[in-house]
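One structure below.
Chain naming here is simple, since letters A, B, ... match the order of the sequence lines and numbering starts at 1 in each.
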Amino acid sequence: MSLGTATRAAYQRRMLRPAGSNFELWSWYFFRVSGVLVLFLVFGHLLIVHIINNVDVINYEFVALRWQTVGWRLYDWLLLFLAIVHGQNGLRVLIDDYVHPRGWRAFAHTANWVFLGFFLALGTMTIVSFPFMPGLRPG
Amino acid sequence: MLSYRGREGYWAWLLHRVSGVAIILFLFLHVLDTSLIGFGPSAYETFVSFYRVPVFRVLEVALSGAVLYHGINGLRIILIDFVETATRIQRQLWYVVWASFLVLFLPAAFFMLRPVFFPTLGVVR
């Protein structure tokens, strides 16, 4: 088999999306779609929070002021949601690849799902429950 | 026999996994530290003050590097998945990933580390 044929065969195998269950298929697509969305959101986040500003100036007031704008809460929540679910999906794949003993595997998968729920809930609560403070203005 | 281990595609794959794990672990910490904002200014700033220490500033840059690599290599993976030509040139694409990485990372690292280590460098007053 020539190299070209081998590559072609490998390519055609790859083009068959994960089969067997819809879950793996959707997870595969979600991985890619969320990755692109997170890429844009995280570049904006890095630029604003770590380059234009930095941890020297980020304090309670900085976050409070930012979260007076609903749009920024939405931005942060979207980044939180997509990044956590994308990361949990990644950990799930790693557990499948590396954790072989049945007991540990079940434990790791369970812990991974618990983490997903916990961090999504905590992050969402943090963003949603933060008060709007009339009178708080830039400057 | 096509050798994969030790070649570009292998390192791209391994680094993608390692950087991904580093990012999600920090993300867990970051959700925890941000949740302190609900407990008022002193709770939040006690924790955030750790991030202002020089060691953490270097780790912050390393994390940003991990995010940049994971993101740009992720685009390479998507290209390989959907474009046949990209599959054939996946090795060359890895070098494109690194070139794009350096173009974005070096200036970012400079602006992130300047206030800590050389605050006057290039600052026009």
Report task. Please tell me if the side chains of A/Arg32 and B/Ile77 come closer than 4.5 Å, counting only heavy atoms from C-beta onward. Result -> yes
Report summary line: Note: vs chain A, highest number of non-hydrogen pairs under 4.5 angstrom among B/Leu68, B/Ile37, B/Val31 is B/Ile37
Query raised in the report: Which answer fits B/Arg57, side chain, backbone, both or neither, if we ask what part of it has an atom under 4.5 Å from a heavy atom of chain A?
Result: side chain
Requested in this report: Specify which of B/Tyr51, B/Phe111, B/Phe28 makes the most heavy-atom pairs with chain A at under 4.5 Å.
Outcome: B/Phe28
Query raised in the report: Are B/Leu15 and A/Phe31 co-members of a hydrophobic cluster defined by side-chain heavy atoms under 4.5 Å apart?
Result: no
**Report entry** Contact origin within B/Leu75 toward chain A - heavy atom pairs under 4.5 Å
**Finding:** side chain
Query - Region of A/Ile127 that comes under 4.5 Å of a non-hydrogen atom in chain B - result: neither
Query raised in the report: Any donor-acceptor pair under 3.5 Å linking the side chain of B/Arg52 with the backbone of A/Val55?
Result: yes
Query - Residue A/Ile52 versus chain B: region with a heavy atom under 4.5 Å - result: neither
Query raised in the report: At their closest point, which heavy atom of B/Ile78 faces which heavy atom of A/Val36, and how far apart are they?
Result: CD1-CG2, 3.5 Å
Query raised in the report: With only heavy atoms counted, which part of A/Tyr98 is less than 4.5 Å from chain B, the side chain, the backbone, both or neither?
Result: side chain
Query raised in the report: Is it true that B/Phe82 and B/Trp13 fall in one hydrophobic cluster, defined by side-chain heavy atoms closer than 4.5 Å?
Result: yes
**Report entry** Single-linkage hydrophobic cluster, 4.5 Å side-chain cutoff, B/Val67 and B/Val103 together
**Finding:** no
Query raised in the report: Side chain, backbone, both or neither: which part of A/Phe118 has a heavy atom under 4.5 Å from chain B?
Result: side chain
Query raised in the report: By a 4.5 Å heavy-atom criterion (distance strictly below it), what part of A/Phe119 contacts chain B: side chain, backbone, both, or neither?
Result: both
Report task. Measure B/Tyr44 against the heavy atoms of chain A and call it side chain, backbone, both or neither at under 4.5 Å. Result -> side chain
Requested in this report: Check whether any side-chain heavy atom of A/Ile51 lies under 4.5 Å from a side-chain heavy atom of B/Met112, and answer yes or no.
Outcome: yes
Query raised in the report: So which part of A/Asp97 gets closer than 4.5 Å to some heavy atom of chain B, the side chain, the backbone, both or neither?
Result: side chain
Report summary line: d(B/Glu45 CD, A/Glu61 CD) to nearest 0.5 Å is 9.0 Å
Requested in this report: Report yes if the side chains of B/Asp81 and A/Trp28 come closer than 4.5 Å at any heavy-atom pair, otherwise no.
Outcome: yes
**Report entry** Gap separating the CD1 atom of B/Ile72 from the CG atom of A/Leu39, nearest 0.5 angstrom
**Finding:** 7.5 Å
Query - Atom CZ of B/Phe110 with >12 non-hydrogen neighbours under 6.0 angstrom - result: yes
Query raised in the report: B/Leu104 versus A/Phe43: any side-chain heavy-atom pair under 4.5 Å?
Result: yes
Query raised in the report: Is the number of heavy atoms from other residues, nucleotides or ligands within 6.0 Å of CZ (A/Phe107) greater than 12?
Result: no
Query raised in the report: Counting heavy atoms not belonging to A/Phe40, are there more than 12 under 6.0 Å from its CZ?
Result: no
Query - Max heavy-atom pair count under 4.5 Å with chain B, selected residue of A/Asp56, A/Val63, A/Val42 - result: A/Asp56
Report task. Check whether A/Leu41 and A/Leu74 end up in the same hydrophobic cluster, where Ile, Leu, Val, Met, Phe, Trp and Tyr are linked by side-chain heavy atoms less than 4.5 Å apart. Result -> no
Report summary line: If one checks every heavy atom of A/Asn59 against chain B at 4.5 Å, the contacting part turns out to be both
Query raised in the report: A/Trp26 and A/Val93: same hydrophobic cluster, using ILVMFWY side-chain contacts below 4.5 Å?
Result: no
**Report entry** Option in A/Asn54, A/Leu46, A/Leu122 with maximal non-hydrogen atom pairs under 4.5 Å from chain B
**Finding:** A/Leu122
Report summary line: Against chain A, residues from residues 20-27 of chain B with at least one heavy atom under 4.5 Å, in numeric order, are B/Val21, B/Ile24, B/Leu27
Query raised in the report: When you look at CZ of B/Phe47, are more than 12 heavy atoms from neighbouring residues, nucleotides or ligands closer to it than 6.0 Å?
Result: yes
